[in-house]
Amino acid sequence: MAVHILEDDPGVSDSLLMLFKNLGLEATAYPDAESFFETAKPVKDDTIIVDLLLPGISGATVIGWLKTLKEPPRIVAISGQAQSAIDRQLKDVGPVELIRKPLSIQMLSTLV
Amino acid sequence: MKEWTDRPAPAAKTVSEARLMSVLNTAVDGIIVIDEHAHILVYNNACEKLFGYTAAEVLGQNVKVIMPRDYSDAHDRYMDNYKRTGHRKIIGIGREVRGRHKDGTEFPVELSVGEASTPDGRQFIGILRDLRSRKEAEQRVNELQADLVHLARVSAMDEMGAALAHELNQPLTAIMLYMQGIARTLDKRDDPADAQFKTVLAKAVHEAERAGNIISRMRQFVEKREPHRRPIDLNAVVNEAVELTIVGMRARVNIERDFAQQLPKAFVEPVQIQQIVVNLLRNASEALKDREDGTIFVSTRQDGAFVTIIVEDNGPGIPPAAMPTLFKAFSTTKKTGMGLGLSISRSIAQNHSGDLIVDPGGHGRGARFIVQLPVASREEETDAGL
């Protein structure tokens, strides 16, 4: 299984990358949805971590698209925003796993 | 002259006297003429309404009768002083003073005083304008502004809390994961020489968690406050916000209003919407400050399921470089302020399930901001008892 990280904040993205590699996983980070879709071919066993606030195509849109795949990967939304802001963005997407920032190793280790 | 305002009015002796009488008694402002000894010679109809005394009661009396005690004691001295020195403190200047009604109540009047030399000696003409309604209006505006400032502050605090929480969460997440990552590596290596590093690292992680908890609490606190939304006539709310802004505006900018007729009610918290409008108007007037013909256009429209407020100016537009961070908290192109205005305005609109969008203009067009707010549903109208 591979972990794909869609996160525009360089610190968050780099530390997540380090953490998953440290856990012995294959992990790749993308600064936006566009570069993710250009290079990645997510499969069923993969985990996609999507920050909701992405430049360009929004995190919620990406999640919506991923959910329509025939064999969708595991999708985890991450966000540091207020709950109301998160609800608003995800209202058209339907249920999705969500982890709120600040993230810690304990929260993330449940993913793998 | 005394008989001009005596009742019943005697026939005027000359045409000009008749004309003057008619002028005096048609005037909306109070008009009083006194002689050098401060005795009232003329007291028109408007004065009767203003002070409660009839002309018959006050003609020939010292003008002190319609002044509050603290003025009246000094008035003789003022007149003496003027007669002696010729130094003008009120004549030809006019100022705001207090008058006293027959029932003892005092009220603000604007007094202008003129002087005339007559064959009977020097006479002084006072014109008195009742300031009570203007004062009340000013007070109402002040109260509204205070409310708005207070709510803006509460809302700015909330918004700043949410923005801070979000901005701090990013680096905090990175810090936490870096440290936990290193801690894991050290654990795996299991070298006794690392013991001290591990202890310190564990403490550092603990502190980062503590910071994270503070942010979570702050976020929860902000999330608890839900605004009081109800179906609202946006035109009235927007109009009031425009009035408020005009009062507080330093530069003279034209504001043109064009409100849609039969606009459906919007489901909003009115003060928060006023906050957006005031904020947009202030930004617009800021953009127009170097222009002679600066005009802001404020309009309302229905647009499908939304009621929209449009604030547009004829300024230079928003430079393309400012666009990416326009709505971002803590970014500003102005010298003062924290750059929270537009960020707050947008999140207020979004929290109402609406939005704030911008057309930056440029090339001779000014910026145009569009606030979209949801039309109140029938259930919401019913729930509100309307």
Side-chain angles (χ1 to χ4, degrees), chain A residues 3 5-25 27 29 31-32 49-60 76-92 98-112, chain B residues 158-189 201 205-206 208-216 218-227 324-325 327-329 343 346-355:
Chain A
V3 181
I5 303 158
L6 280 77
E7 166 67 67
D8 64 318
D9 185 282
V12 175
S13 154
D14 181 59
S15 57
L16 280 170
L17 208 54
M18 184 204 75
L19 185 89
F20 286 116
K21 285 184 172 164
N22 208 311
L23 291 168
L25 295 164
D32 50 43
I49 295 177
V50 186
D51 182 45
L52 288 180
L53 275 189
L54 287 176
I57 299 170
S58 75
V76 180
I78 55 174
S79 177
Q81 303 170 81
Q83 189 64 50
S84 58
I86 296 174
D87 292 345
R88 194 172 51 246
Q89 294 169 73
L90 291 177
K91 72 173 190 290
D92 297 329
L98 170 78
I99 305 182
R100 296 180 70 181
K101 292 178 184 172
L103 308 171
S104 72
I105 203 164
Q106 291 83 2
M107 299 170 178
L108 295 166
S109 54
T110 63
L111 299 181
V112 294
Chain B
D158 282 7
E159 218 46 55
M160 202 161 92
L164 265 179
H166 177 246
E167 298 298 325
L168 289 177
N169 271 330
Q170 305 279 51
L172 205 54
T173 292
I175 290 171
M176 194 106 90
L177 296 183
Y178 282 136
M179 289 195 301
Q180 288 181 325
I182 289 291
R184 255 186 75 88
T185 311
L186 292 183
D187 276 345
K188 265 192 276 181
R189 184 158 85 180
L201 215 46
V205 168
H206 177 73
E209 278 169 353
R210 198 156 69 102
N213 288 337
I214 294 171
I215 290 172
S216 302
M218 190 159 85
R219 198 162 53 188
Q220 279 162 14
F221 180 71
V222 170
E223 285 171 3
K224 257 190 300 202
R225 266 202 282 262
E226 268 297 302
T325 56
F327 291 103
K328 218 169 146 53
S343 144
R346 173 172 268 186
S347 56
I348 289 174
Q350 290 180 342
N351 283 336
H352 280 85
S353 310
D355 207 351

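Not measured: the values here are computed from a predicted model. The figures that follow rest on heavy atoms only: side chains count, while hydrogens, waters and symmetry mates do not.
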I'd like to know which of B/E209, B/R184, B/Q180, B/H166 tops the heavy-atom pair count under 4.5 Å against chain A. B/Q180
Out of the candidates B/I175, B/L168, B/T173, only one should pair with A/P102 under the side chain to side chain contact (heavy atoms under 4.5 Å, CB included) rule; please name it. B/T173
Do A/S15 side-chain atoms and B/Y178 backbone N/O form a donor-acceptor pair below 3.5 Å? no
Under the salt bridge (Lys or Arg N to Asp or Glu O under 4.0 Å) test, which residues partner B/D187, sequence neighbours left out? B/K198
Enter the distance from A/K101:NZ to B/I215:CD1 here, rounded to the nearest 0.5 Å. 12.0 Å
Distance-only, no hydrogens or angles: does the A/D9 side chain make a donor-acceptor pair with backbone N or O of B/Q170 under 3.5 Å? no
Only counting residues at least two apart or in another chain, list the ones meeting side-chain contact (heavy atoms from CB on, under 4.5 Å) with B/A183. B/L201
Taking side chain as C-beta onward, heavy atoms only, is B/L177 less than 4.5 Å from A/L108? yes
Sort out for me which of B/M179, B/M176, B/Q350 touches chain A most, counting heavy-atom pairs under 4.5 Å. B/Q350
Counting heavy-atom pairs under 4.5 angstrom with chain B, the leader among A/V12, A/L103, A/D51 is A/L103
Do A/N22 and B/K188 come within less than 4.5 Å of each other through their side chains, counting heavy atoms only? yes
Heavy-atom cut-off 4.5 Å, strictly under: side chain, backbone, both or neither for A/L53 against chain B? side chain
Would you give the length of the straight line joining atom CD of A/Q81 to atom OG of B/S347, rounded to the nearest 0.5 angstrom? 10.5 Å
